[in-house]
Protein chains: 2
Amino acid sequence: MTEELAKHKLIQYIKERVPISENESEVITSYFELRHLPKKSFFIQEGQECIYHGFVISGTLRVFYSDPKGLEHVLYFGFADWWVGDIASFNTHEPTHINVQALEDSWILTFSKDGIEELFLKVPILERLFRIMAQRTLSVLQKRFFLTVSANAHDRYKELIERHPGIEQLVPQHQIASYLGILPESLSRMKKQLLHKK
Amino acid sequence: MTEELAKHKLIQYIKERVPISENESEVITSYFELRHLPKKSFFIQEGQECIYHGFVISGTLRVFYSDPKGLEHVLYFGFADWWVGDIASFNTHEPTHINVQALEDSWILTFSKDGIEELFLKVPILERLFRIMAQRTLSVLQKRFFLTVSANAHDRYKELIERHPGIEQLVPQHQIASYLGILPESLSRMKKQLLHKK
DNA sequence: TGAAAGCATTGACCTATGTCAAGGAATATA
DNA sequence: TATATTCCTTGACATAGGTCAATGCTTTCA
């Protein structure tokens, strides 16, 4: 992975969403830094102040929360073209409660809190991009929330598989259980039941 | 409630968040309309395309989702200074899945999809306001999600009461149960247990 | 290549919360 | 003020998913 290729991917992503000039592209990329995340390494860890945000170029990350009992709850998996970070901590400067970890060797482009504020002044249309992104993310999370409170684990599993075919090849099963909000034992039993029903 | 007072409240709200000129205030308020919602009436109903958004001036609303079994799940209660609407449907033009209903006589200021897009061009700093609002909402929903998946109904109830003292005087108990993701029977039993433990 | 660590599966049992049904209290409406 | 709704409580029972423990299968890495 080269810096140049990564930045090209970022600009592609942005150009599909808001119009920017060649000059603005230059300015934008100057605020991003390429970072390699070896498998199992953390981009963000709970307890830290989260002053960086990342745009996934390649690889797979998991974004999760460790509850007081020590159980981990996956909020989402980050693949190419996704953003990872904690907006809450990013804005309030308080320590974050989430973790972002690479499930395999990954590459991300990062920007800092101070950087993006400066960049918003230089390229104001990014304010629009980030509004739209936040609103999209909000819609997605709202849907996830409603599914979590209204459907059982069985149906949530089917929904995930349909929405994301092939995810079982990318992510270990206990991480999928964590995403679904159940224990690995329960997922294992569920899959057995599904086989018998067919 | 007068139109003038309502619009004054809106401008106050905005001025606490981003700088705007007197002239911009005028422009902004011209895009909003005051609307009275009698108790039990709906501002938004599932199945409709959701082209309006509302800013609550007074009263109490509930924002909820009806699942396929017919159970209702409250996403949040809207009090003064809150926004109500469905960003997903607002953006995609698809029919919304949520409902917004007045729990008591309420007043809201509404704006339309087309209106806000025009307004963003005239007062670009609103783009920033809406980005910040969307990001805040996202943080709040993320926290609610993690609480829902990691704490039992008992602890979720205590968290709600602490975060929102007096809510039990404002909202009927079965609505609170719906917010917590349990049935009214379960909440009733829980409260009995809490009394015995003291 | 072989030990260690991590992962998936299975079993027996447990618990929080749902389900269904009934009666009583509170609130709204005529 | 009477009556109809809606809301709250309680009971008996059901069930999805959690808990704990054991076993074998992979993957990792020295």
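To find a chain, count down the sequence lines: A is the first, B the second, and so on, and within it residues start at 1.
Atom pair Arg156(B):CZ and dA16(C):C1' shows a separation of 10 Å (rounding to whole Å applied). Straight-line distance from the NZ atom of Lys191(A) to the P atom of dC7(C): 15 Å, rounded to whole Å. Atom pair Leu187(B):CG and dT9(D):P shows a separation of 8 Å (rounding to whole Å applied). Following rounding to the nearest Å, His174(A) (NE2) and dT26(D) (C1') show an atom-to-atom distance of 13 Å. In this entry the distance linking NZ of Lys40(B) with P of dA28(C) reads 8 Å, nearest Å. In this structure, the NZ atom of Lys69(A) is 11 Å from the P atom of dC20(D), given to the nearest Å. Rounding to whole angstrom units, CD of residue Gln193(B) and P of dT15(C) are separated by 13 Å. Protein atom CG of Asp155(B) is 11 Å distant from nucleotide atom P of dA16(C), rounded to whole Å.
Within the nucleic acid shown, Leu183(B) comes within 4.0 Å of at least one base atom, counting heavy atoms only.
Closest contact between the side chain of Glu185(A) and the listed nucleotides dC7(C), dT10(C), dT17(C) involves dT10(C). Closest contact between the side chain of Ser186(A) and the listed nucleotides dA8(C), dG17(D), dT9(D) involves dG17(D). Considering only the side chain of Asn152(A), dG17(D) comes nearest among dC7(C), dT17(C), dG17(D). Comparing dA8(C), dT10(D), dA16(D) against the side chain of Ser188(B) picks out dT10(D) as the nearest.
Geometrically, Arg17(A) engages Tyr13(A) in a cation-pi contact defined by less than 6.0 Å to the ring centre and at most 45° from the axis.
One finds no side-chain N or O of His154(A) lying less than 4.0 angstrom from the OP1 or OP2 phosphate oxygen of dA16(D). Under 4.0 angstrom from either OP1 or OP2 of dA28(C) there lies at least one side-chain N or O belonging to Lys39(B). Taking only side-chain nitrogens and oxygens, Lys192(A) comes nearer than 4.0 Å to OP1 or OP2 of dG11(C). In this model, the phosphate group of dT9(D) is approached by a side-chain N or O of Gln173(B) to a distance below 4.0 Å at OP1 or OP2.
Taking every heavy atom of both residues into account, Tyr31(B) and Phe111(B) meet most closely at O-CB, 3.8 Å. Closest approach of Leu71(A) to His73(A), counting heavy atoms only: O-CD2, 3.6 Å.
Between atom OG of residue Ser188(A) and atom CG of residue Leu183(A) there is a gap of 11.5 Å, rounded to the nearest 0.5 Å.
Evaluation of atom-type donor-acceptor distances gives no pair under 3.5 Å for the side chain of Arg189(A) against the base of dT15(D).
Each of Tyr179(A), Phe64(A), Trp82(A) was checked for a ring pair (Phe, Tyr, Trp, His ring centres under 6.0 Å) with Tyr76(A), and the lone residue meeting it is Trp82(A).
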